[in-house]
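Encoded as structure tokens, the structure appears first; notes follow it.
Both ligands and their constituent atoms are indexed starting at 1 by order of listing. Source: prediction; values computed, not measured.
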Amino acid sequence: MVQNEQELMALLYQRWLVLRKPLGMPQDTETDRYEEQSVHLIAVIPEGVKSSPAQGVEKIIGSARLRELSPGIGGISYIAVLPEFQNQGVGSALIQSLIALAKKQQFHQLKLRSRLSAAGFYEHFGFISQGAPIDYLGIPHILMSLTHQLQGYQCVTASPNTPYEIIMNFRNRYEQTLPGY
Ligand SMILES: CC(C)(COP(=O)(O)OP(=O)(O)OC[C@H]1O[C@@H](n2cnc3c(N)ncnc32)[C@H](O)[C@@H]1OP(=O)(O)O)[C@@H](O)C(=O)NCCC(=O)NCCS
């Protein structure tokens with residue numbers, strides 16, 4: 001659960017591992033000036049289960065961020081799942097949870113900038129590409145948005161009372177469903 005500075009640091013390290021290190025970029029390139037005003041979600045392996053790094057420590061396997069871009073419009077960014085946990089539904093749970101948060105905050109539109117290689121992932125959830133691919137960090141990206149589907153979306157709920165949140169039923173879900181437990 002991201003609820004203090006230490007856990008935020010762990011989240012940023014996990015984000016860097018997935019999104020920046022493979023591009024040869026140093027640490028501290030994974031943040032921007034919007035961290036404080038954003039809601040951060042994480043998927044964790046709770047302490048004491050297989051693959052957990054040490055007793056008393058939760059391993060962050062996935063993370064994502066939501067912030068208000070302008071009134072009624074939310075921005076999703078930095079969705080990152082550790083490679084060994086990809087294609088197991090973690091990213092789906094994260095984005096569904098972000099959509100639930102967006103509904104709760106009464107956003108009528110969600111926007112994101114996807115790597116072209118990940119656009120198919122977002123399309124699964126109704127996001128639509130806009131315009132031509134653009135270069136960002138030396139790799140092609142595409143702007144995407146979710147509008148009409150946002151209001152009708154049914155998914156897990158979350159409770160963002162602080163800037164840094166975890167979705168509790170997300171954790172429970174993965175205790176039950178991730179392989180190797
Ligand atoms: C993209 C990413 C977030 C997806 O998370 P994930 O946990 O691997 O995805 P899921 O297992 O929930 O997959 C959900 C569905 O999307 C599909 N999918 C996953 N990644 C995909 C991709 N890159 N392109 C197209 N479809 C993809 C899955 O096959 C699955 O489809 P299915 O339900 O028909 O089987 C994750 O792979 C990741 O972190 N990749 C590296 C970093 C990255 O590219 N982040 C996005 C930056 S914009």
Number the atoms of ligand 1 from 1 as they appear, then name those within less than 4.0 Å of a heavy atom of [X], with their elements.
{"X": "G120", "result": "25 (C), 26 (N)"}
{"X": "A80", "result": "39 (O)"}
{"X": "A118", "result": "23 (N)"}
{"X": "R115", "result": "44 (O), 48 (S)"}

Is the shortest heavy-atom distance from the side chain of [X] to the side chain of [Y] under 4.5 Å?
{"X": "Y122", "Y": "L112", "answer": "yes"}
{"X": "I134", "Y": "R113", "answer": "yes"}
{"X": "E35", "Y": "L11", "answer": "no"}

task: Ignoring hydrogens, tell whether any protein atom lies closer than 4.0 Å to atom 35 (O) of ligand 1; use the non-hydrogen atoms only.
output: no

message: Within the protein, is there a heavy atom lying under 4.0 Å from atom 21 (C) of ligand 1?
response: yes

For [atom], what is the nearest protein heavy atom, given as residue, atom name and distance?
{"atom": "atom 13 (O) of ligand 1", "value": "S92 OG, 3.8 Å"}
{"atom": "atom 3 (C) of ligand 1", "value": "I79 CG2, 3.4 Å"}
{"atom": "atom 8 (O) of ligand 1", "value": "N87 N, 2.8 Å"}
{"atom": "atom 5 (O) of ligand 1", "value": "G91 CA, 3.5 Å"}
{"atom": "atom 25 (C) of ligand 1", "value": "F121 N, 3.4 Å"}
{"atom": "atom 42 (C) of ligand 1", "value": "L19 CD2, 3.5 Å"}

- prompt: Would you say Q27 has more than 12 foreign heavy atoms packed within less than 6.0 Å of its CD?
  reply: yes

Within the side chain of [X], is there an N or O that forms a donor-acceptor pair under 3.5 Å with the backbone of [Y]?
{"X": "Q14", "Y": "A80", "result": "yes"}
{"X": "Q130", "Y": "M144", "result": "no"}
{"X": "H141", "Y": "I139", "result": "yes"}
{"X": "R67", "Y": "Q37", "result": "no"}

field: With E84 via side chain to side chain donor-acceptor pair (under 3.5 Å) - residues at least two apart
entry: none

- prompt: Which one of P22, S117, S63 has a non-hydrogen atom at the shortest distance from atom 23 (N) of ligand 1?
  reply: S117

statement: Check: of Q86, R113, E123, H124, min heavy-atom distance to atom 37 (O) of ligand 1 comes from Q86

For ligand 1, find out whether one of its N or O atoms is nearer than 3.5 Å to an N or O atom of [X].
{"X": "G89", "answer": "yes"}
{"X": "Q88", "answer": "yes"}
{"X": "V81", "answer": "yes"}
{"X": "V18", "answer": "no"}

message: If the contact criterion is a heavy-atom separation under 4.0 Å, does Y78 count as touching ligand 1?
response: no

task: Could you tell me whether E30 and K21 have a side-chain N and a carboxylate O separated by less than 4.0 Å?
output: no

Salt-bridge present (D28, R20; N to O < 4.0 Å): no

Spacing of CD belonging to Q88 relative to CG belonging to L82, to within rounding of 0.5 Å: 10.5 Å

- line: Logged contact type for Y136 with ligand 1, heavy-atom cut-off 4.0 Å, is neither

